[in-house]
Amino acid sequence: MVTDINMDNSSPRIAVIGAGVIGMTVAKILQQELRNTNITIIANEFLEDTVSCVAAGIFRPGTSFKGPTKDITKKWINNSWYFWQDILKTPEAPKAGLMSVSSYIFSKENQFVTRNHLIEDLVPIYRTVEKDELKLCGEGWKYGSYFSTIKIGCDRYLPWVEKSFIGKGGKIEIKKIDSFASLRSKFDLVFNCTGMGAKVLCGDHDLVALRGQVIKVKAPWLKMAFYGDYDTYIIPGIDGVATLGGVRQYDSYNKEVCKYDSAAILERCCKLLPVLKKAEIVAHKVGLRPHRMPVRVEPEVMDGVKVVHCYGHGGYGVMCAPGTAMDAVKIGVDMLRSNARSKM
């Protein structure tokens with residue numbers, strides 16, 4: 001539903017700070033929901049410089065993704081799934097970096113890690129593997145599941161959204177925001193989508209970095225995703241470049257590539273899928289996932305500025321950006337309506 005907030009002949013001025021997948025998706029939904037509104041995305045890092053572009057972007061939530069309640073968590077996941085499905089059904093899907101992908105997840109130790117109660121009733125297929133499927137990736141696997149899902153490549157999605165955003169009159173500003181006070185006289189509403197930046201900007205001690213490291217390899221023949229024990233994953237890409245991972249290091253702020261992590265990732269992934277030994281390595285990438293429990297989607301007045309926070313998605317920002325963005329935008333629209341009524 002498109003809303004017209006223009007109740008006093010002036011257009012609300014809105015800023016979205018942060019240009020990763022969360023900020024860009026908030027801006028996209030804002031433009032869909034509001035008319036007569038000036039929207040500016042402000043960030044010091046865009047496109048390939050964001051953490052979003054390090055992520056593989058597969059739709060598979062983990063138990064560390066959590067909203068304020070179980071119902072809200074499930075709503076965010078479901079709404080995100082249908083948002084991505086709507087794009088996937090259009091001719092724009094390849095330009096937006098979306099692709100369908102099937103996946104196996106195997107374990108030699110724990111059956112529970114192969115199950116996912118958050119999406120088992122959502123994705124088209126989620127089933128226990130047959131005995132012969134346990135031998136697809138070598139010997140010794142005791143448990144496994146097969147599921148169908150989607151992958152979102154932010155190296156395409158972010159420029160796709162940015163182009164549409166600018167085409168619809170949105171503005172881009174490249175700078176770092178050190179305080180909300182600096183925005184007070186310029187904007188009526190601010191969406192805080194700064195990820196790890198919120199730790200300092202908001203003084204949020206509940207926000208913790210989960211350091212991730214991956215290897216990008218050329219593997220155009222890879223059409224399925226594979227998961228194994230110890231955070232091992234192999235995820236294909238729409239451009240033939242696969243993501244191999246990973247590590248999940250709590251409260252680590254090291255942005256440098258660690259050669260020991262790289263060696264461990266490569267060893268685990270090649271053991272899972274030996275043909276990867278022949279794959280050409282394209283890049284080693286590091287990203288600090290903004291982990292917070294629960295993910296923060298809520299309003300606050302800071303330094304006299306009306307703010308809607310939307311951050312703390314951990315390793316599931318790409319996947320769940322739409323669901324959280326929808327709630328953030330609804331909160332923001334309600335704040336603008338309240339402000340407009342108070343001026344009448």
Side-chain angles (χ1 to χ4, degrees), residues 19-21 24-25 45-60 62 84 87-88 90-106 136-137 147-163 210-228 230-248 255-289 315-319 321:
V21 66
M24 282 295 184
T25 305
E45 293 180 334
F46 284 82
L47 304 175
E48 68 273 6
D49 293 328
T50 64
V51 175
S52 301
C53 279
V54 177
I58 195 167
F59 197 101
R60 178 182 173 262
W84 295 124
I87 299 175
L88 190 64
T90 72
E92 289 290 297
K95 295 179 183 177
L98 268 71
M99 61 184 280
S100 296
V101 64
S102 297
S103 179
Y104 281 103
I105 176 168
F106 298 114
L136 285 172
C137 295
F147 62 99
S148 53
T149 186
I150 56 175
K151 180 190 181 300
I152 307 99
C154 280
D155 56 338
R156 294 194 182 192
Y157 175 71
L158 295 185
W160 179 73
V161 173
E162 184 179 296
K163 181 180 179 181
L210 280 183
R211 181 183 178 275
Q213 184 170 316
V214 298
I215 303 173
K216 303 286 185 176
V217 301
K218 286 186 179 179
W221 44 267
L222 185 67
K223 304 300 180 185
M224 298 186 68
F226 295 90
Y227 287 85
Y230 312 121
D231 208 20
T232 302
Y233 52 85
I234 302 162
I235 300 172
I238 199 169
D239 55 358
V241 175
T243 302
L244 313 185
V247 297
R248 199 175 299 265
K255 295 183 180 181
E256 299 299 318
V257 172
C258 173
K259 64 180 181 180
Y260 302 107
D261 287 336
S262 295
I265 291 167
L266 205 56
E267 181 181 355
R268 283 185 279 120
C269 289
C270 288
K271 190 173 183 180
L272 182 62
L273 209 61
V275 71
L276 286 171
K277 293 177 182 178
K278 301 177 182 179
E280 178 188 347
I281 294 176
V282 176
H284 297 266
K285 299 281 188 178
V286 174
L288 303 183
R289 308 174 180 105
Y316 309 104
V318 177
M319 183 193 80

Roughly how far apart are [X] [atom1] and [Y] [atom2], rounded to 0.5 Å?
X	Y	atom1	atom2	value
Cys137	Phe106	SG	CZ	5.0 Å
Thr149	Met319	OG1	CE	8.5 Å
Arg211	Arg248	CZ	CZ	13.0 Å
Arg60	Tyr227	CZ	OH	5.0 Å
Thr25	Tyr157	OG1	OH	3.0 Å
Ile215	Lys285	CD1	NZ	13.0 Å

Derivation and outcome, side-chain contact (heavy atoms from CB on, under 4.5 Å), residues Ile281 and Leu266: CA-CA 10 Å; Ile281 294 176; Leu266 205 56; 4.2 Å; yes
Please tabulate, for the side chains in residues 51-59, all donor-acceptor contacts under 3.5 angstrom to protein atoms that are two or more places apart in sequence or on a different chain.
{"from": "Ser52", "atom 1": "OG", "to": "Val21", "atom 2": "N", "distance (Å)": "2.9"}

Heavy-atom donor-acceptor pair, Arg156 side chain to Leu98 backbone, under 3.5 Å: no
Residue pair Val101, Met224: steps toward the side-chain contact (heavy atoms from CB on, under 4.5 Å) verdict: CA-CA 6 Å; Val101 64; Met224 298 186 68; 5.5 Å; no
Closest contact, heavy atoms only, Thr50 versus Glu45: CG2-O, 3.7 Å
Heavy-atom pair with the smallest gap, counting every atom of Gly245 and Val214: CA-CG1, 4.4 Å
side-chain contact (heavy atoms from CB on, under 4.5 Å) with [X]: which residues, sequence neighbours excluded?
X	answer
Val257	Gln213, Ser262, His284, Val286
Lys218	Glu280, Val282
Glu92	Thr90, Lys95, Trp160
Glu162	Met24, Phe46, Leu47, Ile166, Ile172

Evaluation steps, side-chain contact (heavy atoms from CB on, under 4.5 Å), between Cys154 and Val318: CA-CA 8 Å; Cys154 280; Val318 177; 3.8 Å; yes
Distance-only donor-acceptor hits, side chain of residues 232-240, under 3.5 Å, sequence neighbours excluded:
{"from": "Thr232", "atom 1": "OG1", "to": "Asp229", "atom 2": "O", "distance (Å)": "2.7"}
{"from": "Thr232", "atom 1": "OG1", "to": "Arg268", "atom 2": "NH1", "distance (Å)": "2.9"}
{"from": "Asp239", "atom 1": "OD1", "to": "Val241", "atom 2": "N", "distance (Å)": "3.2"}

